[in-house]
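See below for the structure under consideration.
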Amino acid sequence: MLACQRWLRPQNINLLKLSSETLRRLAVCSCVRNTSLSVARSYGASMRAWVIDQYGTNDVLAFTENHPAPSVNFAHEVVVQVHAASLNPLDVSMRGGYGAGVLRLRRDPRKTLQNGSEFPLVLGRDVSGVVMECGSGVTHVQAGDEVWASIPPWQQGSLAECVLLNGSDVSLKPKCLSHVEAASIPYVAATAWSALVTTGGLHSENCSKKRVLVHGASGGIGTFSVQLLKAWGGHVTATCFKDGVGLVKELGADDVINCTDADAASQLKTCQSFDLILDNVGGDTESWAMDLLKPWAGSKFVTLVSPLLRNTDSLGLVDGVLQSGMTLHDKAIRSVVKGVFYRWAFYVPDGVALDRIGELVTSGKIRPVVETTFPFSQVAEAFHKVETGQARGKTVIAVVSEEAEPSSNHTPSDLHTPAAPTHTDGGTRGDGYVASLVAAEEAHTVKTHTESMVESTAAVAAASPPHTEQAVPPQALKEGVAAEAVEEGQVETASVSADVSDHPEAQAQAEVQPEVEAEAEVEAEAHAQPQAEAQPEAQAQVDAQLEAQAQVDAQLEAQAQVDAQAEAQPQVEAQPQVEAQAQAEVQPEVETEAQLEAQPQSDVQAQVETGAAQTTIDSRQVSHRE
């Protein structure tokens with residue numbers, strides 16, 4: 001087998017032509033099952049991602065299209081195509097180097113002392129997407145399933161097209177949520193679950209008798225904690241800033257206190273004692289919050305703002321851990337003297353807990369709280385939004401647009417957008433890529449909308465009856481719509497002229513009815529003016545018909561006068577002016593009144609009959625046109 005694997009190296013055989021089933025039989029990738037990607041991913045495939053190559057401010061964020069794509073190497077791993085991700089305050093802290101030493105130790109103990117070994121680093125702790133590859137040991141999901149998960153800080157994040165996860169951390173996404181909504185829940189849900197359930201000891205059976213204070217309830221963890229506690233029947237008192245009071249009340253909190261009020265502390269002291277306090281803020285919270293707990297009743301103060309990582313960053317791994325341990329021991333002893341418990345809580349990935357949370361979401365007891373959604377091209381702006389603080393829910397990154405999501409069997413290379421100008425390191429800075437990508441997306445949207453509008457209008461015009469005088473030829477309609485688009489500034493003249501082509505139905509209509517060409521030219525000129533609503537040609541036709549009818553009436557009246565004169569007088573002795581007018585209207589060829597008088601009565605009668613016949617012919621022509 002070893003000799004076979006050596007022979008199957010890329011220089012000996014073209015692995016790109018082998019199917020996953022063939023490689024599985026040859027024991028080259030025995031840990032992979034349900035794969036929907038090409039095996040080429042393991043041999044140099046790349047994907048789009050936002051990375052950092054050093055710690056710092058927002059300027060260190062860089063976009064690259066050449067980040068290595070992940071692949072399944074162990075039986076418990078899963079590769080997920082990212083459709084949406086979200087940001088947390090932890091991502092902003094990690095961008096600045098928060099907890100770098102501890103996280104480096106967790107990633108690879110052999111590289112603990114190698115500063116910078118984690119770069120290029122992809123941030124992002126939430127993911128919602130579609131499974132692309134599964135290890136053979138993963139049985140609860142398969143390729144093509146829509147999943148959501150939280151990503152531990154020591155792994156590559158979700159601000160990329162694909163992410164590699166542990167199969168135990170992945171859960172099936174609730175079908176009632178979109179990817180953007182689902183991406184706002186996993187990390188805050190796992191953190192709140194760890195604080196309230198694992199550390200705080202609350203669960204669905206005992207929560208109905210508990211009073212809980214959530215300090216800092218308008219953020220991601222706070223909004224989820226309020227909903228979870230209310231779903232289990234607990235009594236929730238929440239503190240937040242003034243502009244978040246309405247949101248927290250809407251989520252079901254029983255009492256909401258504006259923490260910026262001068263008497264906020266006195267308002268809390270008037271409340272009944274609490275069984276548990278969840279601290280999401282830190283600072284001097286411990287100095288006043290410990291007195292709000294029920295003494296000697298198993299009450300707990302649980303904080304998510306511990307000094308562990310901060311101490312390791314400033315003092316080093318060993319000294320930082322020792323200092324943090326001494327701090328925790330000292331506070332725990334002092335709290336026990338008061339009859340309460342002091343605890344630190346940390347994020348713990350838990351796919352089973354995410355399954356139970358998914359059931360609560362499906363039942364409508366928990367809903368996502370999305371404050372802002374950014375496209376994948378504006379990750380730098382999203383970081384700036386989170387960095388300002390005072391969040392009212394989650395900030396989500398839409399990696400794949402939900403209006404036109406590709407199928408799950410697409411590779412990362414299929415999802416590339418037009419390349420942006422890159423730096424020498426292969427990436428683009430956060431502020432440089434945004435303008436070009438957004439402009440390209442807007443131009444594509446306008447062009448698609450214009451093409452659809454022109455084609456649909458031409459189809460409607462082609463379906464109209466061709467023999468109706470007021471019907472507009474399809475070609476004229478297309479030219480009119482294109483002219484309107486140019487006038488409104490939606491598209492450029494060049495793109496419109498390229499789109500408006502000769503329509504075959506218009507050509508057929510021109511061959512059947514040649515006289516429509518003149519009408520089409522007049523109507524096309526009329527459509528070129530956006531404010532022209534009536535059709536002048538139709539009005540002209542109506543006027544012409546009325547004028548023709550008036551001529552026929554005049555001819556009939558003249559004929560009646562001539563007949564009356566012929567019966568009364570055998571010899572035509574009418575006045576010269578009346579005879580000239582009647583004879584001119586009946587027969588234009590008769591030039592003078594003298595010629596009419598010189599002719600015999602029979603000739604006059606014949607000319608009258610000829611005039612009547614000519615009038616009948618003209619009337620038939622008018623009727624035929626009508």
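Both backbone and side-chain heavy atoms feed into the values below; hydrogens, waters and symmetry mates do not.
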ask   = Taking the side chain from Gln155 and the backbone from Pro152, do they hold a donor-acceptor pair closer than 3.5 Å?
value = no

query = So Arg367 and Leu251, side chain to side chain contact (heavy atoms under 4.5 Å, CB included) or not? Walk me through it.
reply = CA-CA 9 Å; Arg367 64 180 178 89; Leu251 295 176; 3.4 Å; yes

remark   = All heavy atoms of Ala238 vs all of Val248, minimum pair found to be CB-CG1, 3.5 Å

note = NZ of Lys210 to CH2 of Trp232, rounded to nearest 0.5 Å, is 13.0 Å

query = Do Met47 and Val82 come within less than 4.5 Å of each other through their side chains, counting heavy atoms only?
reply = no

ask   = So, the side chain of Ser299 versus the backbone of Pro295: is there a donor-acceptor pair under 3.5 Å, distance only?
value = no

request  = Mind listing the closest non-hydrogen atom pair of Leu165 and Ala149 along with its distance?
outcome  = CD1-CB, 3.8 Å

remark   = With sequence neighbours left out, the residues meeting salt bridge (charged side-chain N to carboxylate O under 4.0 Å, His left out) with Glu77 are none

inquiry  = Using a 3.5 Å distance criterion without hydrogens, assess whether the side chain of Asn206 forms a donor-acceptor pair with backbone atoms of His203.
reply    = yes

remark   = Residues at least two apart in sequence or cross-chain that pass salt bridge (charged side-chain N to carboxylate O under 4.0 Å, His left out) with Asp243, listed by chain then number, are Arg392

inquiry  = Any non-hydrogen side-chain atom of Tyr342 less than 4.5 Å from a side-chain atom of Leu328?
reply    = yes

inquiry  = Checking side-chain polar atoms at under 3.5 Å, does Thr64 have a donor or acceptor matched by the opposite partner on Asn66?
reply    = no

task = Tell me, yes or no, whether the heavy-atom count around Lys385 atom NZ, taken from other residues, nucleotides or ligands under 6.0 Å, exceeds 12.
result = yes

Euclidean distance, Ile185 CD1 relative to Ile366 CD1, rounded to 0.5 Å = 7.5 Å

request  = May I ask you to decide if Gly216's main-chain N or O and Thr239's side chain share a donor-acceptor pair within less than 3.5 Å?
outcome  = yes

query = Got a donor-acceptor contact below 3.5 angstrom from the Gln227 side chain to the Pro368 backbone?
reply = no

note = Sequence neighbours excluded, the answer for salt bridge (charged side-chain N to carboxylate O under 4.0 Å, His left out) partners of Lys230 is Asp254

query = Going from CZ on Phe374 to OG1 on Thr395, what distance comes out if it is rounded to the nearest 0.5 angstrom?
reply = 6.5 Å

request  = Decide yes or no for Glu181 and Val396: does some side-chain heavy atom of the first lie under 4.5 Å from some side-chain heavy atom of the second?
outcome  = no

ask   = Distance from Leu87 atom CG to Ser184 atom OG, nearest 0.5 Å?
value = 12.0 Å

query = Does the Thr237 side chain pair with the main chain of Leu213, one donor and one acceptor, at a distance under 3.5 Å?
reply = no

query = For Glu65, does its backbone N or O pair with a side-chain atom of Arg48 as donor and acceptor, under 3.5 Å?
reply = no

query = In chain order, what residues pass the side-chain hydrogen bond (donor to acceptor under 3.5 Å, both in side chains) check against Ser128, with sequence neighbours excluded?
reply = His179

Step-by-step side chain to side chain contact (heavy atoms under 4.5 Å, CB included) determination, Leu196 to Leu228 = CA-CA 9 Å; Leu196 297 175; Leu228 180 62; 4.2 Å; yes

task = Just do the ring-ring contact (aromatic ring centres under 6.0 Å, His included) check on Tyr55 and Phe119 with the steps written out, would you?
result = CA-CA 10 Å; Tyr55 295 119; Phe119 299 124; 4.9 Å; yes

query = Looking only at heavy atoms, which two atoms of Ser194 and Phe346 are closest? And how far apart?
reply = OG-O, 2.6 Å

query = Quick one: does Leu90's side chain get under 4.5 Å of Pro153's, heavy atoms only?
reply = yes

key: Close side-chain approach of Thr191 and Leu304, heavy atoms under 4.5 Å   = yes

task = List the atom of Asp279, the atom of His215, and the distance in Å for their closest heavy-atom pair.
result = OD1-CD2, 3.5 Å

request  = In sequence, state the C-alpha distance, the side-chain angles, and the governing distance for Met290 and Ile277, and then conclude on side chain to side chain contact (heavy atoms under 4.5 Å, CB included).
outcome  = CA-CA 9 Å; Met290 302 297 290; Ile277 296 178; over 6 Å; no

task = Please report the shortest heavy-atom distance between Cys176 and Thr362, naming the atom on each side.
result = SG-CA, 4.0 Å

message = Show, in sequence, the C-alpha distance, side-chain angles and deciding distance for Val60 and Asp53, and conclude whether the side chain to side chain contact (heavy atoms under 4.5 Å, CB included) test is met.
response = CA-CA 7 Å; Val60 301; Asp53 296 321; over 6 Å; no

query = Any side-chain heavy-atom pair from Lys394 and Asn88 closer than 4.5 angstrom?
reply = yes

ask   = Could you give the distance from CD (Gln267) to SG (Cys259), rounded to the nearest 0.5 Å?
value = 11.0 Å

inquiry  = Looking at Arg107, I want to see if its CZ is surrounded by more than 12 non-hydrogen atoms of other residues, nucleotides or ligands under 6.0 Å.
reply    = yes

request  = List for me each residue that meets salt bridge (charged side-chain N to carboxylate O under 4.0 Å, His left out) alongside Arg343, sequence neighbours excluded, and say none if there are none.
outcome  = none

inquiry  = Taking Tyr98's backbone N and O only, do any of them form a donor-acceptor pair with Asp313's side chain (distance below 3.5 Å, no angle check)?
reply    = no

query = Listed by chain and number, what are the side-chain hydrogen bond (donor to acceptor under 3.5 Å, both in side chains) partners of His235, not counting sequence neighbours?
reply = Arg211

query = More than 12 foreign heavy atoms under 6.0 Å from NZ of Lys331: is that the case here?
reply = yes

task = Find out whether Leu61 and Ile52 are in side-chain contact, i.e. whether some heavy atom of one side chain is under 4.5 Å from a heavy atom of the other.
result = yes

message = When you compare the side chain of Met326 with that of Asp330, does any pair of heavy atoms fall below 4.5 Å?
response = no

task = Using modelled atom types only, decide if a donor and an acceptor are shared between the side chain of His83 and the backbone of Ser178 within a distance under 3.5 Å.
result = no

task = Answer yes or no: does atom NE2 of His76 have more than 12 heavy-atom neighbours from other residues, nucleotides or ligands under 6.0 Å?
result = yes

Rounded distance (nearest 0.5 Å) linking atom OG1 of Thr372 with atom CD1 of Ile397 = 9.5 Å

request  = Answer yes or no: is there a donor N or O on one side and an acceptor on the other, between the side chain of Ser150 and the main chain of Pro349, under 3.5 Å?
outcome  = no

ask   = What heavy-atom pair brings Leu123 and Arg95 nearest, and what distance separates the two atoms?
value = CD1-CB, 3.9 Å

